2 protein chains.
Amino acid sequence: MSDNSKNPKQTTKRPNLSAEIADAIRDAIITGQLIVDERLPSESELSAQFNVSRPTVREALKRLAAQSLIRTQRGASGGAFVNRLSYEQAYDQQVTTATLLLSMNGVGFETACDARFALERACAPLAARNRTQHHLDRMRSELEKQRNAALSDEAFCTSDVAFHRAFVDSACNQVLSYQLAGAIEAMQPLMNMITYTRRSREKIVDLHDRILTALDQGDMAECDAALEALHSYTVDLGKSGR
Amino acid sequence: MSDNSKNPKQTTKRPNLSAEIADAIRDAIITGQLIVDERLPSESELSAQFNVSRPTVREALKRLAAQSLIRTQRGASGGAFVNRLSYEQAYDQQVTTATLLLSMNGVGFETACDARFALERACAPLAARNRTQHHLDRMRSELEKQRNAALSDEAFCTSDVAFHRAFVDSACNQVLSYQLAGAIEAMQPLMNMITYTRRSREKIVDLHDRILTALDQGDMAECDAALEALHSYTVDLGKSGR
DNA sequence: AGCTGATAAATGTCTGACAAATAAAATTCG
DNA sequence: CGAATTTTATTTGTCAGACATTTATCAGCT
């Protein structure tokens with residue numbers, strides 16, 4: 001790792017040192033050569049190792065920081081540390097990425113909707129088995145909000161998302177919750193924008209109630225059926241708008 | 001946007017200009033103030049606008065580049081452009097993030113497995129409806145590979161992943177394919193490491209065959225049953241190893 | 001008109017410096 | 001001797017200016 005800069009274009013004529021360095025460090029983290037909370041060499045040491053200037057190293061480190069792979073700390077015994085990727089940070093990235101994918105690639109409403117409900121229905125069996133009173137309470141609380149006719153459209157939507165998030169969380173599977181963060185949160189604006197003028201809150205609240213009741217009783221078939229009904233209703237709303 | 005540097009600590013004592021600038025630009029992209037393929041101001045102009053130096057601006061831009069939000073181009077009429085986030089780029093990030101989440105947070109084998117198969121089973125209805133001959137051929141081709149007893153463990157696993165990827169893709173829903181990239185690819189090493197010594201290839205191939213046959217016939221119930229069987233078998237393998 | 005070379009604009013990189021934060025060591029005082 | 005305080009060293013954050021490299025554009029020549 002000392003003289004890798006002697007030969008000018010060793011691999012594939014890369015005019016992008018900071019990206020190269022970032023990739024090298026990223027690989028070291030992914031393969032486990034650098035473990036969580038381990039401190040990277042200081043910027044000066046890294047610039048010496050890679051034979052580049054400090055600004056270049058810094059650009060590489062910022063790339064990694066943007067992915068939450070490292071965190072930095074100033075001062076003596078400060079530096080860059082391998083970051084334990086938290087679910088919260090991963091959620092945010094997931095939501096950002098999913099939002100952009102939807103808005104930038106002209107994904108059709110029905111496609112997004114199909115994906116969203118397919119994923120959510122995947123949670124039903126686990127949710128029926130693992131849900132706790134805490135989850136049921138969260139969902140019931142949101143449902144009460146939604147019954148209030150004075151609620152603004154925006155607040156109704158937020159509560160809608162919270163309801164479905166609680167449902168997903170009730171599967172008690174962090175991986176699933178993470179994976180669905182994008183599907184649920186990113187599609188809120190999309191679905192909201194398309195359906196909020198025509199939807200019947202009453203019907204949605206009824207379906208939410210069916211879901212909650214089914215979950216309470218551990219009836220995963222009924223739960224799935226209610227989700228499917230919500231799916232159909234939403235898709236129909238989308239179609240009628242075109 | 002001109003004198004935002006006059007008051008030293010306007011919001012929350014942030015000693016991190018490059019992060020602040022990156023967030024500002026990111027927001028502009030997400031909210032649609034900057035649209036795809038639009039060119040950002042040059043680094044010099046940005047440093048003037050934000051009243052910071054060019055290296056600081058560059059660090060901000062590298063953060064965005066790391067998330068594939070922008071791309072840069074050298075030369076006259078070059079610069080930073082808002083990037084159309086492609087599914088391919090999103091796949092990579094998804095897989096990287098999911099891999100790290102699993103390895104860094106001590107996710108149990110069963111939890112990961114439950115999530116993985118729940119998500120994959122979510123594809124079954126859509127797959128049964130939308131699969132094309134192309135997808136079936138891809139899966140059949142992988143299945144043939146897997147029947148070859150001379151195949152190395154590693155190659156068998158790669159083919160296994162390719163088989164499931166083809167299955168997911170057969171739902172013909174890009175959003176779903178994107179969401180499942182992490183679930184399928186990131187868990188390969190995990191599942192492989194745990195089960196490869198004890199699993200029966202024959203049994204797995206049989207189950208793959210059931211899945212493929214069911215998909216061919218559009219029998220989504222049978223397809224789901226086969227996936228559930230594969231799920232149970234995998235979980236059992238994990239349990240017996242503990 | 002078509003090709004060629006100069007020009008300008010932009011990113012990529014380097015050097016060197018200073019500011020700010022922070023922990024550890026050194027010092028001072030009770 | 002022990003505790004509080006000051007100093008010091010280390011490291012990241014920021015700045016300024018410079019040069020290298022790439023690339024589109026345009027002037028000029030054949």
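Basis for what follows: all heavy atoms, side chains included, without hydrogens, waters or symmetry-related copies. Chain letters run A, B, ... following the sequence lines, proteins first and then strands; every chain starts at 1. The model shown is predicted, which means the values in this text are computed figures rather than measured ones.
- Within the 4.0 Å cut-off from OP1 or OP2 of D:dG13, at least one side-chain nitrogen or oxygen of A:Thr72 is found.
- Rounded to 10°, the angle separating the first-five-pair axis and the last-five-pair axis of the helix from C:dA1-D:dT30 to C:dG30-D:dC1 equals 10°.
- Listed here is the closest heavy atom pair of A:Leu151 and A:Gln146: CD2-CA, 4.3 Å.
- One interatomic measurement links the two molecules: CD1 of B:Ile21 to P of D:dG13, which rounds to 14 Å at whole-angstrom precision.
- The residues B:Glu142 and B:Lys145 are annotated as salt-bridged, a charged nitrogen and a carboxylate oxygen being separated by less than 4.0 angstrom.
- A donor and an acceptor atom sit less than 3.5 Å apart, one in the side chain of B:Arg54 and one in the base of C:dG12.
- Summarising the geometry, the separation between CG on B:Leu17 and P on D:dG13 is reported as 11 Å, rounded to the nearest angstrom.
- For the pair A:Leu61 CG and D:dT11 C1', the computed distance is 12 Å after rounding to whole Å.
- The nearest whole Å value for the distance from the CD atom in B:Glu59 to the C1' atom in C:dC14 is 15 Å.
- Considering only side-chain atoms of A:Arg74, the nucleotide from C:dA20, C:dT15, D:dT21 that sits closest is C:dA20.
- For residues 29-40 of chain B, the set of pairs meeting the side chain to side chain donor-acceptor pair (under 3.5 Å) definition, not counting sequence neighbours, comprises B:Thr31-B:Gln33, B:Asp37-B:Arg71.
- In this model, the phosphate group of D:dG13 is not approached by any side-chain N or O of B:Thr56 to a distance below 4.0 Å at OP1 or OP2.
- Along DNA chain D, the nucleotide nearest to A:Pro55 and the one nearest to A:Ala76 differ in position, and the one closer to the 5' end is contacted by A:Ala76.
- Residues that satisfy the side chain to side chain contact (heavy atoms under 4.5 Å, CB included) test with B:Ser86, not counting sequence neighbours, are B:Glu88, B:Gln89.
- One atom, CG of B:Leu46, and another, P of C:dG12, lie 13 Å apart when rounded to the nearest Å.
- The side chain of B:Ser77 contributes no N or O atom lying less than 4.0 Å from OP1 or OP2 of D:dA24.
- In this structure, A:Glu45 atom CD and D:dT12 atom C1' are separated by 13 Å, rounded to whole Å.
- Comment: A:Arg199 does not engage A:Asp160 in a salt bridge, judged by the lack of any side-chain N to carboxylate O separation of less than 4.0 angstrom.
- Using bins of under 30°, 30° to 60° and over 60° for the plane-to-plane angle, the ring pair B:Tyr91/B:Tyr178 lands in the parallel bin.
- Distance B:Arg58 CZ to D:dG17 P: 18 Å, rounded to the nearest Å.
- As rounded to whole Å, 18 Å separates atom C1' of C:dG12 from atom CZ of B:Arg71.
- At a cut-off of 3.5 Å, with distance as the only test, no side-chain donor of A:Arg121 or A:His231 sits close to an acceptor on the other residue.
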